[in-house]
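Heavy atoms only: backbone and side chains are in, while hydrogens, waters and symmetry mates are out.
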Amino acid sequence: MFFNSLLTNFAALEVGQHLYWQIGNIRLHGQVFLTSWILLGALLVFISLGTKKMENDPKGLQNLLEFLWDYIRDLARTQIGEKVYRDWMPFIGTLFLFVFVSNWGGALIPWRLIKLPSGELGAPTADINTTIALALLVSLSYFYAGLSNKGWRYFEYYVHPTPIMLPFKILEDFTKPLSLSFRLFGNILADELVVGVLVFLVPLILPIPVMFLGLFTSAIQALIFATLAAYYIGEAVEEHH
Amino acid sequence: MNLTLLATEGFGLNFNLFETNILNWAVVVFGLYKFLPGFLGKMLQKRREGILLELKDAEDRLLNATQALEKAKKDLSSAEEKASQIKVDSLKRSESIRMESEKKAIEEMARIKQSAISDESSEASRAISQLRKEAVEQAIKKALDSLPNRLDKTTQENLVTQSINNIEVN
């Protein structure tokens, strides 16, 4: 009996419950939009505050933002290469910051204080729609990067180094967004679920290390997502000789 | 159980300590608040110091360069002054040299003219003496030619008597 009630409660805890918004024939996951907007707004406020009064002497928020900028630039430069990384730095930086702020915002803002009619607020990246959207953007980006930089020669990449690679390379175009989206979604959802279940079983103390671990993996996931996106773009613009 | 409640209640706030996991959340946030600024702050401080150092370095270099430029400008103007001074001096000098050489040339010319004049006069006197000598020689020769015709007995007697007469007078 206990086990049974546990299962139903567990199921009720998170999975499959959404705050649906109906627009035409489309049912949107409202809670994802709400948290996304709030976090994007926070990010925008944070960045506009940090860049409002730029000085030669980097202080406080400006220093932090410049540090982040340096970090993103180094990431983009190492993955994409000196030649075109400048074109893609804004995209990579946006991905990194959005994923990072989503992951951490999901964990560090006490969303559960707010009750919704259905579902609950949390990290936007714990929803597969968000991560698939991001991953498809990455796919579009690397195709665009390859075609705009190399023209039709981009497709040499598919038969490089031998034409035997062709089916695998084509398959990769599908597995890249798939793995990108599912990795991020799985990690963040699993983190939230683990904390949720632990809170349900042992309400105090025990979830704390797991929450810290969650913060750590969230940051790592953001880094992985941005790095892989940059790597795919770099792969597309790379010149084979 | 909770879900059904939530689903029917609509939007609202939930202050249940355990359902919201707020206690663990507070610990996590407090931990981050405690340790993240220290960790990040150290990194950011180091970054800021590096940038300030570079800025100061660049400013120093700018200052040095400005000073060097100033000095070079000053040097340039003094060099220009010197150059114009040298030009004036050399112009003056060249003028004086020209005057002097002109004077010398005039003197030389005068001297040459003088010597030419004296040469001319000596040449003339030489020619006159030559002419004189030739005239004397011709006269002697003429006399010698005519002498044999004019010398005979009577003439000789005349000459001897005349000479004797002369001696007697004396």
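When each of A:Pro209, A:Pro58, A:Pro207, A:Ala107 is checked for heavy-atom pairs under 4.5 Å with chain B, A:Pro58 comes out on top. Residue with the most contacts toward chain B among A:Ile114, A:Leu206, A:Val195: A:Ile114 (heavy-atom pairs, distance under 4.5 Å). Among A:Leu113, A:Ile208, A:Val199, the residue with the largest count of heavy-atom pairs under 4.5 Å with chain B is A:Leu113.
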Side-chain donor-acceptor pairs of residues 125-138 of chain B under 3.5 Å, sequence neighbours excluded:
from, atom 1, to, atom 2, distance (Å)
B:Ser125, OG, B:Ser122, O, 2.8
B:Arg126, NH2, B:Glu123, OE2, 3.3
B:Ser129, OG, B:Arg126, O, 2.8

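Proximity to chain A at a heavy-atom threshold of 4.5 Å picks out B:Ile51, B:Leu52, B:Leu55 from residues 49-79 of chain B, in numerical order. Scanning residues 23-38 of chain B against chain A with a 4.5 Å non-hydrogen threshold yields B:Leu23, B:Asn24, B:Trp25, B:Val27, B:Val28, B:Val29, B:Gly31, B:Leu32, B:Leu36, sorted by number.
Within 6.0 Å of CD in B:Glu100 there are 12 or fewer heavy atoms belonging to other residues, nucleotides or ligands. Counted within 6.0 Å of CZ on A:Phe91, heavy atoms from surrounding residues, nucleotides or ligands total more than 12; the atom is thus considered enclosed. Counting heavy-atom neighbours within 6.0 Å of A:Phe212 CZ, excluding the residue itself, gives a total above 12. With a 6.0 Å radius and a threshold of 12 heavy atoms from other residues, nucleotides or ligands, B:Glu81 has its CD atom at or below the threshold. Within 6.0 Å of atom CD in A:Gln22, more than 12 heavy atoms from other residues, nucleotides or ligands are found, so the atom counts as buried in its surroundings.
Listed by chain and number, the residues in a side-chain contact (heavy atoms from CB on, under 4.5 Å) with A:Leu34 are A:Leu19, A:Trp21, A:Leu121 (sequence neighbours excluded).
Heavy-atom minimum distance, A:Pro110 versus B:Ile22: CB-CD1, 3.8 Å. Residues B:Met43 and A:Phe67 share a closest heavy-atom pair of CE-CZ, 3.4 Å.
If you take CG on A:Leu64 and CZ on B:Arg48, they are separated by 13.5 Å, rounding to the nearest 0.5 Å. In this structure, CG on A:Asn63 lies 13.0 Å from NZ on B:Lys46, to the nearest 0.5 angstrom.
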